[in-house]
Amino acid sequence: MQAVIHGIKNCGTMKKTFAWFEGTGAAYRFHDYKKSGIDAATLQRWCERLGWEELVNKRGTTWRKLSPEEQAISSEAAAIALMQAHPGLIRRPVIEAATGELVIGLDLERFAAVFTGNKP
């Protein structure tokens, strides 16, 4: 089983992630959650492991475009609904390793340890 990289294709962080995977030969499959969407069960699983606060990108343009009422996330269920409605809110990348481990964000040291078994 290969890693699944979740994100948005035309994102600078994603391009760096793809370059790293291609440069190391680590196998992956890409899931573009802006084009294909993201199901509530996947977001729920991620929230249980990482917490919704870790998944919501509050520094991006999608967040800034939300109304104050939408930004006032009061629960995990509200965060999941908001991330489904606006996939650009999900931090990038979220990578699910074949082992089930989740790696969030561009962390080359962690990529090396999780996806190649090496330390950079």
Open item on the list: Taking R49 first and then E54, would you say they form a salt bridge - that is, a charged N and a carboxylate O separated by under 4.0 Å?
Closed with: no
- [ ] Check whether any side-chain heavy atom of F115 lies under 4.5 Å from a side-chain heavy atom of Y28, and answer yes or no.
- [x] no
Open item on the list: Checking T116 against F21 for the side-chain contact (heavy atoms from CB on, under 4.5 Å) test, could you report, in this order, the C-alpha distance in whole Å, the side-chain angles of both residues, the deciding distance, and whether it holds?
Closed with: CA-CA 10 Å; T116 67; F21 271 80; over 6 Å; no
Task: W52 vs I80 side-chain heavy atoms within contact, under 4.5 Å - done: no
- [ ] State, yes or no, whether a side-chain contact exists between Q44 and E76 at a heavy-atom distance under 4.5 Å.
- [x] yes
Open item on the list: Are I90 and V103 linked, directly or through intermediate hydrophobic residues, by side-chain heavy-atom contacts shorter than 4.5 Å (ILVMFWY only)?
Closed with: no
- [ ] Would you indicate whether the side-chain heavy atoms of I95 and L102 approach each other to under 4.5 Å?
- [x] no
Open item on the list: Is it the case that the ring center of W46 lies less than 6.0 angstrom away from the ring center of H6?
Closed with: yes
- [ ] Drop me the distance from R64's CZ to N57's CG, to the nearest 0.5 angstrom.
- [x] 9.0 Å
- [ ] Report yes or no: does Q84 contribute a side-chain atom to a donor-acceptor pair with the main-chain N or O of I38 at less than 3.5 Å?
- [x] yes
TODO: Can you measure from CG (L108) to CZ (R110) and round to the nearest 0.5 angstrom?
DONE: 12.5 Å
- [ ] Compare all side-chain heavy atoms of K9 with those of K15 and state whether any distance is below 4.5 angstrom.
- [x] no
Task: Centroid-centroid under 6.0 Å between F18 and F30 rings - done: yes
Task: Donor-acceptor pair, side chain of H31 and main chain of G37, under 3.5 angstrom - done: yes
Open item on the list: Under a 3.5 Å distance rule, please check whether E101 uses its side chain to pair with a backbone N or O of V114 as donor and acceptor.
Closed with: no
Task: Any donor-acceptor pair under 3.5 Å from R92 side chain to G88 backbone - done: yes
Task: Considering all heavy atoms, the nearest F111-P93 contact - done: CZ-CG, 4.4 Å
Open item on the list: So does Y33 get a backbone contact from the side chain of S36, meaning a donor-acceptor N/O pair under 3.5 Å?
Closed with: no
Open item on the list: Does R29 have more than 12 heavy atoms from other residues, nucleotides or ligands lying within 6.0 Å of its CZ?
Closed with: no
Task: L106 vs T17 side-chain heavy atoms within contact, under 4.5 Å - done: yes
Open item on the list: Among V4, L55, I5, exactly one meets side-chain contact (heavy atoms from CB on, under 4.5 Å) together with V94. Which residue is that?
Closed with: L55
- [ ] Measure across L82 and E70 and return the closest heavy-atom pair with its distance rounded to 0.1 Å.
- [x] CD2-O, 3.4 Å
- [ ] Give the intermediate values and the outcome of side-chain contact (heavy atoms from CB on, under 4.5 Å) for residues K34 and C11.
- [x] CA-CA 11 Å; K34 191 159 191 170; C11 164; over 6 Å; no
